[in-house]
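Heads up, the thing below is written out as structure tokens.
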There are 2 protein chains.
Amino acid sequence: MATMHDVARLAQVSVSTVSYVLTGTRPISQATRNKVLAAMAQLEYQPNAMARGLASRRSRILGLLMPMDERGLGATETAFVTGAAAAASVAGYHLVLSPVGGGDLDDLRRLASQRMLDGVVLMEVQLADERVTVLQEAGVPLVLIGRTGDTSTLSYVDIDFDQTVREAVAHLVGLGHRRIVYVNHSAATLASGYGPALRTRDAFTAAMTGHGLEPVMIAAEDSAAGGRAALAAAFAQAPELTAVLAMNETAIFGILGELTGRGLSVPDDVSVVSMVTSPQVAELATPALTAMTSPGSALGRIAIEALTRHLDGPADLRHQQLLPCTLEIRGSTAQPRSRHPLGADQ
Amino acid sequence: MATMHDVARLAQVSVSTVSYVLTGTRPISQATRNKVLAAMAQLEYQPNAMARGLASRRSRILGLLMPMDERGLGATETAFVTGAAAAASVAGYHLVLSPVGGGDLDDLRRLASQRMLDGVVLMEVQLADERVTVLQEAGVPLVLIGRTGDTSTLSYVDIDFDQTVREAVAHLVGLGHRRIVYVNHSAATLASGYGPALRTRDAFTAAMTGHGLEPVMIAAEDSAAGGRAALAAAFAQAPELTAVLAMNETAIFGILGELTGRGLSVPDDVSVVSMVTSPQVAELATPALTAMTSPGSALGRIAIEALTRHLDGPADLRHQQLLPCTLEIRGSTAQPRSRHPLGADQ
DNA sequence: CCGCTTCGTCGAAACGCTTCGACGAAGTTC
DNA sequence: GAACTTCGTCGAAGCGTTTCGACGAAGCGG
């Protein structure tokens, strides 16, 4: 492994000159630069990241902290990661993903305090999230995906749930649906303060009320069985429902199965819209699901851009931004059966 | 940020003594140790990872290189990652995931040569994989998930496809099925030298021939539409088929949809077995899929253990191991319709 | 009680880089 | 052409650890 010393000796310049060629922090004549570059090439020189990091006090590594639960990463999260990695690369940083589990706050504290990471993007933020506190105390620059309850002091990027729900509801209402049930995450998830679940709940209530309709929400476990149970509950609460809006990517397969099981057809008897869903998952279902597609890759890019601006720029500016999901109409929504063809009230 | 110097001063010992307390490389008296530990606690000392890495020439960071395609990470891969992370933590290493894209071999070379990673686990290895060459040339300790064509010189952990296919076929044959179609990945994937696709193809041929049956394989695109097309092709080639064995987690939903579309019931008319599938995905389908569950978490653990042994132990031993998937019977397999109730040949 | 290990600790030299101050040489300003 | 800048380069001092050699102080066999 060649070091800077070797390069300097071969190019007959001082070590610092080699460093300046590499970092561009001071002007270097073209002739010298060429000599140094040639020496580097000849020796296949690669700078040692540790030494660089120690001397400059920055690693040029960004961390993406993602809780890995057993559900896995959907296409949405993957798009997010690739978008983030690309943006980091453009800014001259490496991105590493760290699968931090839920419990190990100490582990997180260690990771953050060891100065290995110049900055961090934190995914799946809860309304009250201890991890944010730990990271802030450790003084690590931070961008959130999602929002804590108190959004005032931090940078974040998040989905505009309000807008997303409003658009989904508008699509269904526009088709003529009046009885729309919202299938959310589980009651436990709601109670734990999971932002997306709470925000969509409120947005749904607001959107339906805005249309003069009654909001009905069902909490469903994150499983196919949970979806089946939720649909049963939905029919119990609103027997005349004609549309289901679902936030729960796992439960939705149970909902579809149960619908078919009851001899109801999608979309002729019941329309289904899936929220915050990737095209890949939407296409798995038969019929393919009309869905609100999440802006995964843009979300990742924006988060990293905000973080690097935070690091390279001098200011401690905040970046707070919401991105809506976009409606993609596929085969699972249609006008309700002819009873209300033009959206007349029942 | 307190440094070792601060700790040493407060504890009234030398810097090296503090280091020995931390690393345990030399004996330290109980009294001194306590003084040092107290000082550390008081100052909330956290060792600087860069300095440590520079001086010791090891970062205690392991990399998991995973190509991130748009499909996302299934529950299988997730289990793999969490298994690996847990094992790394036990061995005193951090695990970071690096989403290396397909094209950027230079990026990989840089990452590998900068000595930031003590060792690397490489996922989704192709039969002929340039990444392996790059990593080997950079001198990075390496464990593969999957195998290259020439397995002689490297450490790897992989699924025992032979055994897995044999067990799946045995299950179906045991139920009385004689006409079994294997739905593999796409022709393009096969042509690209994707090991699992090729190995299962050969294993399927061997297993069927071993039972005196004719092997029929269909290549399917990785999409629901691909699955539907594959099923049509299967019926064209083997009209009397009673069972489908599928390797393709995405296509299988199309297969199920098409089966239902043709008015055929699962499992009464056609049995379906999904290969290398996680329970979570298997449960999404209606009926839940009988599947060969991959040993994800064990695979990750074993890979990391092999790698750390490679690093800490002196020997340059190879670790080569195959793990079979386990059969989990759910609702998608049954005896074929009464025509052949006891497995009589047609 | 004398020479020998073993124990516990220290000081100093790396590790490979960045960055600061200095300093000739050359260019600019009046 | 004297007094300043700016340019291009160098040497040296860190950055915060680990690790090596050294060295008193005990402990021990004879």
Side-chain angles (χ1 to χ4, degrees), chain A residues 1-37 39-40 43-61 92 94 110 113-118 139 311-312, chain B residues 1-37 39-40 43-61 92 94 110 113-118 139 311-312:
Chain A
M1 251 341 69
T3 75
M4 236 173 180
H5 265 95
D6 304 328
V7 175
R9 194 178 324 124
L10 182 58
Q12 312 201 60
V13 297
S14 76
V15 190
S16 44
T17 301
V18 177
S19 174
Y20 294 133
V21 168
L22 223 47
T23 60
T25 43
R26 284 205 186 172
I28 294 287
S29 74
Q30 198 49 251
T32 310
R33 182 192 311 282
N34 290 148
K35 270 196 306 183
V36 171
L37 259 18
M40 282 182 180
L43 296 174
E44 296 187 7
Y45 169 73
Q46 287 290 129
N48 179 307
M50 296 278 174
R52 209 190 245 264
L54 179 58
S56 66
R57 277 167 292 291
R58 37 191 1 211
S59 62
R60 304 210 69 89
I61 297 181
H94 271 296
R110 211 168 311 124
S113 312
Q114 291 192 148
R115 309 277 124 197
M116 256 272 111
L117 265 24
D118 284 353
L311 295 173
D312 296 331
Chain B
M1 249 345 66
T3 74
M4 237 172 176
H5 265 95
D6 304 327
V7 175
R9 193 176 328 119
L10 183 59
Q12 312 201 61
V13 297
S14 76
V15 190
S16 45
T17 302
V18 177
S19 176
Y20 293 134
V21 168
L22 224 46
T23 61
T25 43
R26 284 204 186 173
I28 295 287
S29 73
Q30 199 48 252
T32 310
R33 181 192 312 280
N34 290 150
K35 270 197 305 185
V36 171
L37 258 20
M40 283 183 180
L43 296 173
E44 296 187 7
Y45 169 73
Q46 288 288 130
N48 179 307
M50 296 280 177
R52 211 193 246 263
L54 178 58
S56 65
R57 275 167 293 295
R58 35 191 5 212
S59 62
R60 304 211 71 89
I61 297 180
H94 271 296
R110 211 167 312 122
S113 311
Q114 291 191 151
R115 308 275 124 200
M116 188 100 285
L117 265 24
D118 284 354
L311 295 173
D312 296 331

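Treat the numbers as computed from the prediction; the structure is a model and nothing was measured. Below, read A as the first sequence line, B as the second, and so on, with proteins coming before strands; counting in each chain starts at 1.
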R57(A) or L54(A), whichever maps to the more 5' nucleotide of DNA chain C: L54(A)
Among dC10(C), dC15(C), dC17(C), the nucleotide that comes nearest once only the side chain of M4(A) is considered: dC17(C)
Residue closer to the 5' end of DNA chain D, A51(B) versus T25(B) (nearest nucleotide): A51(B)
Spatial distance of atom CE (M4(A)) from atom CZ (R9(A)) [nearest 0.5 Å]: 14.0 Å
Side chain of V13(A) (C-beta onward), nearest among dC10(D), dG8(C), dC10(C): dC10(D)
R60(A) CZ - dT18(C) P separation (whole Å): 11 Å
Options dG8(D), dT18(D), dC17(C), nucleotide nearest the side-chain atoms of S56(B): dT18(D)
Selection from dT18(D), dG16(D), dC10(C) that lies nearest to any side-chain heavy atom of R26(B): dC10(C)
hbond_proxy R52(A) side chain to dT18(C) base (donor-acceptor, 3.5 Å cutoff): no
For atom CG of L22(A) and atom P of dC17(C), their distance in whole Å: 9 Å
N/O (side chain, T3(A)) to phosphate O (OP1/OP2, dG16(C)) under 4.0 Å: no
Distance (rounded to the nearest 0.5 Å) between R52(A) CZ and Q114(B) CD: 7.0 Å
Euclidean distance, atom CD1 of residue I28(B) to atom P of dC7(C) [Å, nearest integer]: 13 Å
Nucleotide dC15(D), atom C1' - distance to CE of M1(B) in whole Å: 15 Å
Polar side-chain atom of R57(B) near backbone of A55(B) as donor-acceptor pair, under 3.5 Å: yes
Distance below 4.0 Å between T32(A) side-chain N/O and dG8(D) OP1 or OP2: no
Side-chain donor/acceptor of S16(B) to base of dG11(C), under 3.5 Å: yes
Option passing side-chain contact (heavy atoms from CB on, under 4.5 Å) with D118(B) (candidates I61(B), L311(B), D312(B)): L311(B)
Phosphate-side-chain proximity, S19(B) and dT18(D), N/O vs OP1/OP2 below 4.0 Å: yes
Rounded distance in Å - CG (N48(A)) to P (dC15(D)): 19 Å
Y20(B), nearest nucleotide to its side chain (from dT19(D), dC10(D), dT17(D)): dT19(D)
Integer-rounded Å distance: dC15(D) C1' and Q114(A) CD: 16 Å
Reported CE-to-OG distance for the pair M116(B) and S59(A), which is rounded to 0.5 angstrom: 6.5 Å
Whole-Å distance separating the CZ atom of R9(B) from the P atom of dC10(C): 14 Å
Length of the line joining R58(A):CZ and dC17(C):P, which is rounded to integer Å: 18 Å
